[in-house]
Amino acid sequence: MNLESIIQSVVAQSVKSLYNVDITEDQIQIQKTKKEFEGDLTVVVFPFVKIARKSPEATGQEIGEFILRNNQVVSAYNVIKGFLNLSINKAYWIDLLNTIHANSSFGTQTPTENADIMMVEYSSPNTNKPLHLGHIRNNLLGFSIARIQEANGWKVIKTNIVNDRGIHICKSMLAWKLFGNGETPESSGMKGDLLVGKYYVAFDKAYKAEIKKLMEKGMSEEEAKKNAPLILEAQKMLLAWENNDPEVRKLWQTMNGWVYAGFDETYKQMGVNFDKIYYESDTYLVGKAEVERGEKEKVFYRRDDNSVWADLTNDGLDEKLLLRSDGTSVYMTQDIGTAKLRYADYNIKKMVYVVGNEQNYHFQVLSILLDRLGFEWGKSLVHFSYGMVELPEGKMKSREGTVVDADDLMAEMIETARETSEELGKLDNCTEEEKSDVARIVGLGALKYFILKVDPRKNMTFNPKESIDFNGNTGPFIQYTYARIKSVLRKATESSIDFSTKIDSALPISEKESYLIQLISGFPTVVKEAGDEFSPALIANYEYELVKEYNQFYHDFPILKEEYADMKKFRLALSGTVANVIRTGMGLLGIDVPERM
RNA sequence: GGUCCUGUAGUUCAAUGGAUAGAACAAAAGUUUCCUAAACUUUAGAUCCGGGUUCGAUUCCCGGCGGGACUACCA
């Protein structure tokens, strides 16, 4: 039974005994006592004032008195306004630390063999351009939320749907054919995804030039866009692709191969991975078949021009196109097919899509469509909708070259970490390999934490001119604290100090120390909330608070230099436990921690 | 036009309806004979506006104003 439940229970008893009224435990609000007041936990008295028919102060006094007499855990109380502040026995905190310290997997569960399956889709790139900062947010959130759900006992399957076909892919292919002169990643030394992206941009440039020319000849913009030779050629290519034209298919495979090699590098650097990858080229036909089945079953309808639609007006939405008049599929068609394949492959209990909030409407529709097609899981799909990453000037646009490239950004962060390391000179005794390792861990830690500490639902701003900080509320701040603790623990081990044994609960520990234990003990609750709310930010903020407190402790209290042996042991155990929570928590964010930095 | 999201220090972010709205960066000033100063300590600075519900509102409701997304036979 955790502390909060103990208090809730005794408060309920006190109200029953004092005023003869039964209250449920969820009526009892308990919060951590604010720093400026004395105590550890605070009970909000206001809800009981009516029951007691006394002032908030008097009510608080009565309840406080009752708790003090009827509970061993509470050692003192005070009432300020309507707030009853309770002080908890030092012995309770020390016993709690003993328990936590002995539990190496504190705060997380390990999914059992037959745990429920949650599938998490994230990343979902197009194979016509390299990944940028927006994708980084998606990947980091997806990977982290998978870790967090695992820690909450789910068996998680990480998945990726690659949008590997369509008109946009054909645009890159066509431009390469026309302007590429046989350029390859090998011949140019360019990363594959970058090379393909270059031709996507080249297409757009040439296409715009054609439109301009046609408009000069008197054509309207709309007409020009439809009739430019390049777009017609790209459409022809898409059709040839759908008809399995060997030459087009071969080029498609080659160029996608370049892109995948590039993506693999980026994913590896980012530290994310997948258990199962789906490709749109495999799923869109399945989706088409499902839509046609839906049409036969009168769930959807066909218009005179042969296009297929879903009428969603009963759900307060519009009508939605599912198949074009030429029979080709759209984004939605493909998502229906992918869903069908996934549920055939796995016994999925919960499906989570990590996709930007610009597609809220899409997923609202998808949920309804899947439901209408008779998939019972349709209604319960989760769209983990996150906000956009914006530049100070506004949204990033691939075609306008205002994107922050994922590879570049990661490389910059790592470089900055390396420079800082050099300046501080703390790794002078390390090998080059160790230095690189630390630079990578710290650089990526800064980037990942920067992104994950923000509430995922909110849009966030990234200013490329002001580089991401390494001081303050940052990943390196937390990593540094970990490294510092590890250094102390190493020294303890070197001097053969054993701090694994039980600590005497009579030890006179300070407020700071008991508060640290209280913070540590809250970790499992944070992990659970992060899972329920789909919010890695909760973990990040928790880690920061813990580390900030620990640093103050570290500054004010001697550990190895403490003379009293039992106290030294206690502080080592406390530090070790903090280190464990840091490592576990950062792990849930997909951030590594260095042994030294 | 409709639907949804959003508005907190100069900037980037916090705050299950609870106490004097927390941090960080930037600014100003300090702390190394002592376990890693990527740390610690001070100082100054904010809830878009107007109503309502409540003992209590940054939070919930209504109305403005500002920002964004979606509303494609694009993905």
Side-chain angles (χ1 to χ4, degrees), chain A residues 29 31 33-37 42 44-47 49-50 56 80-83 85 124 126 128 163 165-169 280 303 305-309 316-318 320-326 328-332 334-335 356-362 364 385 387-388 390 392 394-395 417 420-421 423-424 426 442 446 450 453-455 457-463 466 468-481 483-492 529 533 537-538 540-541 544-545 547-548 551-562 568 571-572 575 596-597:
Chain A
Q29 286 180 59
Q31 51 194 272
T33 302
K34 291 222 168 196
K35 276 206 179 137
E36 54 269 39
F37 303 105
T42 296
V44 182
V45 181
F46 292 110
V49 169
K50 270 188 190 151
I80 296 170
K81 295 189 192 169
F83 298 92
N85 302 320
S124 315
N126 290 322
N128 63 339
N163 302 116
R165 60 163 285 280
I167 189 75
H168 53 297
I169 311 292
E280 188 187 337
R303 287 189 184 166
D305 66 0
N306 213 32
S307 55
V308 178
W309 295 75
L317 303 171
D318 286 333
K320 181 78 193 172
L321 175 85
L322 299 176
L323 285 178
R324 298 194 188 96
S325 47
D326 64 2
T328 56
S329 59
V330 292
Y331 185 33
M332 189 61 77
Q334 173 271 120
D335 255 346
N357 61 11
E358 53 194 355
Q359 289 184 37
N360 286 352
Y361 183 74
H362 175 84
Q364 213 181 335
S385 160
M388 300 288 100
E390 287 167 352
K395 216 185 156 184
T420 310
S421 257
E423 273 169 38
L424 296 172
K426 289 183 188 172
V442 173
F450 174 81
K453 78 171 178 188
V454 179
D455 182 341
R457 289 181 301 268
K458 288 188 174 172
N459 286 0
M460 62 181 292
T461 313
F462 173 75
N463 188 344
E466 299 168 13
I468 294 173
D469 264 305
F470 284 70
N471 300 317
N473 185 359
T474 66
F477 172 82
I478 296 169
Q479 292 171 319
Y480 173 72
T481 305
R484 215 156 58 156
I485 294 174
K486 282 310 218 186
S487 168
V488 172
L489 297 186
R490 272 195 301 275
K491 287 192 172 136
E529 277 172 12
E533 314 257 323
L538 295 178
N541 290 332
Y544 177 65
E545 197 191 345
V547 164
K548 195 162 171 49
N551 277 338
Q552 289 166 3
F553 160 77
Y554 182 93
H555 184 263
D556 294 343
F557 295 80
I559 301 172
L560 290 171
K561 295 200 165 19
E562 166 64 38
K568 187 195 290 191
R571 289 186 183 150
L572 282 167
S575 301
R596 61 190 83 222
M597 69 185 268

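Chain A is the first sequence line, chain B the second, and so forth, proteins listed ahead of strands; every chain is numbered from 1. Here the structure is a predicted model, which means the values were calculated and not measured.
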Next on the checklist: Using the C1' atom as the point on both nucleotides, what is the distance between B:rC13 and B:rA28, in whole Å?
Outcome noted: 23 Å

Next on the checklist: Rounding to an integer number of angstrom, what distance separates B:rC49 and B:rU8 when you compare their P atoms?
Outcome noted: 11 Å

Checklist entry - What is the distance, rounded to the nearest whole Å, between atom OH of A:Tyr554 and atom C1' of B:rA37? => result 10 Å

Next on the checklist: Distance check, C1' atoms only: B:rC62 and B:rA19, in whole angstrom units.
Outcome noted: 29 Å

Next on the checklist: If I take atom CG in residue A:Asp318 and atom P in nucleotide B:rA72, what distance separates them, rounded to the nearest angstrom?
Outcome noted: 6 Å

Checklist entry - Can you check whether A:Thr328's main-chain N or O pairs, donor with acceptor, with A:Asp326's side chain at less than 3.5 Å? => result yes

Checklist outcome for this item: Heavy-atom closest pair (A:Asn360 atom, A:Ser385 atom, distance to 0.1 Å) is OD1-OG, 2.9 Å

Checklist entry - A:Met388 has an atom CE; how far is it from atom C1' of B:rG67, in whole Å? => result 15 Å

Checklist entry - At under 4.0 Å between heavy atoms, what does A:Ala483 touch on the DNA or RNA strands: base, sugar-phosphate, or nothing? => result base

Next on the checklist: Within the 4.0 Å heavy-atom criterion, would you say A:Ser421 contacts the bases, only the backbone, or no part of the nucleic acid?
Outcome noted: base

Next on the checklist: Without decimals, in angstroms, what is the distance between A:Asn551 CG and B:rU31 C1'?
Outcome noted: 15 Å

Next on the checklist: Over all strands shown, is A:Val442 touching base, sugar-phosphate only, or nothing at heavy-atom distances under 4.0 angstrom?
Outcome noted: base

Checklist entry - For the pair made of CG in A:Asn463 and C1' in B:rA26, what is the distance, rounded to whole Å? => result 13 Å

Checklist entry - Looking only at atom P, what distance separates B:rU58 and B:rA9, rounded to whole Å? => result 15 Å

Checklist entry - How many Å lie between CZ on A:Arg484 and C1' on B:rC40, as a whole number? => result 8 Å

Checklist entry - Is there a side-chain polar atom (N or O) of A:Lys491 under 4.0 Å from OP1 or OP2 of B:rU36? => result yes

Next on the checklist: Base, sugar-phosphate or nothing for A:Tyr361? Non-hydrogen atoms, less than 4.0 Å.
Outcome noted: sugar-phosphate

Kindly list each side-chain donor-acceptor pair under 3.5 angstrom involving residues 468-478 of chain A, sequence neighbours excluded, with atom names and distances?
from, atom 1, to, atom 2, distance (Å)
A:Asn473, OD1, A:Tyr449, OH, 2.6
A:Thr474, OG1, A:Phe470, O, 3.4
A:Thr474, OG1, A:Phe477, N, 3.2

Checklist entry - Looking for any heavy atom pair under 4.0 Å, which part of the strands does A:Asn85 touch: base, sugar-phosphate only, or nothing? => result base

Item to check | B:rU32: syn or anti, per glycosidic angle within 90° of 0 | outcome: syn

Checklist entry - Can you list the stems that RNA chain B is part of, where a stem is at least 3 pairs in a row, each Watson-Crick or G-U, with both distances below 3.5 Å? => result B:1-7 with B:65-71, B:10-13 with B:22-25, B:27-31 with B:39-43, B:48-52 with B:60-64

Item to check | Distance, C1' atom - from B:rC48 to B:rA39, rounded to whole angstrom | outcome: 38 Å

Checklist entry - For atom C1', what is the distance between B:rC4 and B:rG50, given to the nearest Å? => result 24 Å

Checklist entry - What pair of heavy atoms forms the shortest contact from A:Asn357 to A:Gly387, and how long is it? => result ND2-CA, 3.5 Å

Checklist entry - When we call it a touch if two heavy atoms are under 4.0 Å apart, what does A:Phe553 touch: a base, just sugar-phosphate, or nothing? => result nothing

Checklist entry - Hey, does A:Lys81 reach any base, or is it just sugar-phosphate, or nothing, if we go heavy atoms under 4.0 Å? => result sugar-phosphate

Item to check | Sequence-distant partners of A:Glu466, side-chain contact (heavy atoms from CB on, under 4.5 Å), two or more places apart | outcome: A:Asn463

Next on the checklist: If I take atom CD1 in residue A:Ile468 and atom P in nucleotide B:rA24, what distance separates them, rounded to the nearest angstrom?
Outcome noted: 19 Å

Checklist entry - Taking the side chain from A:Asn459 and the backbone from A:Met388, do they hold a donor-acceptor pair closer than 3.5 Å? => result yes

Checklist entry - Got a donor-acceptor contact below 3.5 angstrom from the A:Arg324 side chain to the A:Ser307 backbone? => result no

Next on the checklist: OP1 or OP2 of B:rC70 versus the side-chain N and O atoms of A:Gln359: is any pair under 4.0 Å?
Outcome noted: no

Item to check | Gap in Å between the two P atoms, one belonging to B:rU59 and one to B:rA15, rounded | outcome: 14 Å

Next on the checklist: Under the criterion side chain to side chain donor-acceptor pair (under 3.5 Å), I'd like the reasoning laid out for A:His362 against A:Asp335: C-alpha separation, chi angles, the key distance, then a yes or no.
Outcome noted: CA-CA 10 Å; A:His362 175 84; A:Asp335 255 346; 2.8 Å; yes

Item to check | Nearest listed nucleotide, side chain of A:Tyr480, among B:rA37, B:rU20, B:rC40 | outcome: B:rA37

Item to check | Whole-angstrom distance between B:rA21 and B:rG45, as gauged at atom C1' | outcome: 13 Å

Checklist entry - Can you find a donor-acceptor pair, distance only, under 3.5 Å between A:Thr42 side chain and B:rA19 base? => result yes

Could you give the side-chain donor-acceptor pairs of residues 483-491 of chain A under 3.5 Å, partners two or more places apart or in another chain?
from, atom 1, to, atom 2, distance (Å)
A:Arg484, NH2, A:Asn551, OD1, 3.0
A:Arg490, NH1, A:Glu595, O, 3.3

Checklist outcome for this item: The contact string for nucleotides 4-18 of chain B, one letter per nucleotide 5' to 3', using protein heavy atoms under 4.0 Å with B, S and - for base, sugar-phosphate only and none, comes out as ---S----SSS-B-B

Checklist outcome for this item: With sequence neighbours left out, the residues meeting side-chain contact (heavy atoms from CB on, under 4.5 Å) with A:Leu424 are A:Thr420, A:Lys426

Checklist entry - Quick one: is B:rU36 close enough that its OP1 or OP2 comes under 4.0 Å of any side-chain N or O from A:Ser487? => result yes

Checklist entry - If you look at every heavy atom in A:Gly82 and A:Pro56, which pair is closest and at what distance? => result CA-CB, 3.9 Å

Checklist entry - Say you draw a straight line from CG of A:Asp318 to CH2 of A:Trp309; how long is it, rounded to the nearest 0.5 Å? => result 9.5 Å

Checklist entry - Within the structure, does a side-chain N or O atom of A:Lys486 lie under 4.0 Å from either OP1 or OP2 of B:rC35? => result no

Checklist entry - Taking only side-chain nitrogens and oxygens of A:Arg490, does any of them come within less than 4.0 Å of OP1 or OP2 of B:rC35? => result no

Next on the checklist: Measure CZ/A:Phe37 against P/B:rU20 and give the value in whole Å, please.
Outcome noted: 7 Å

Checklist entry - Considering only side-chain heavy atoms of A:Asn471, which listed nucleotide, B:rC74, B:rA39, B:rA69, is closest? => result B:rA39

Checklist outcome for this item: Of the candidates B:rA24, B:rA39, B:rA75, the side chain of A:Val330 sits closest to B:rA75

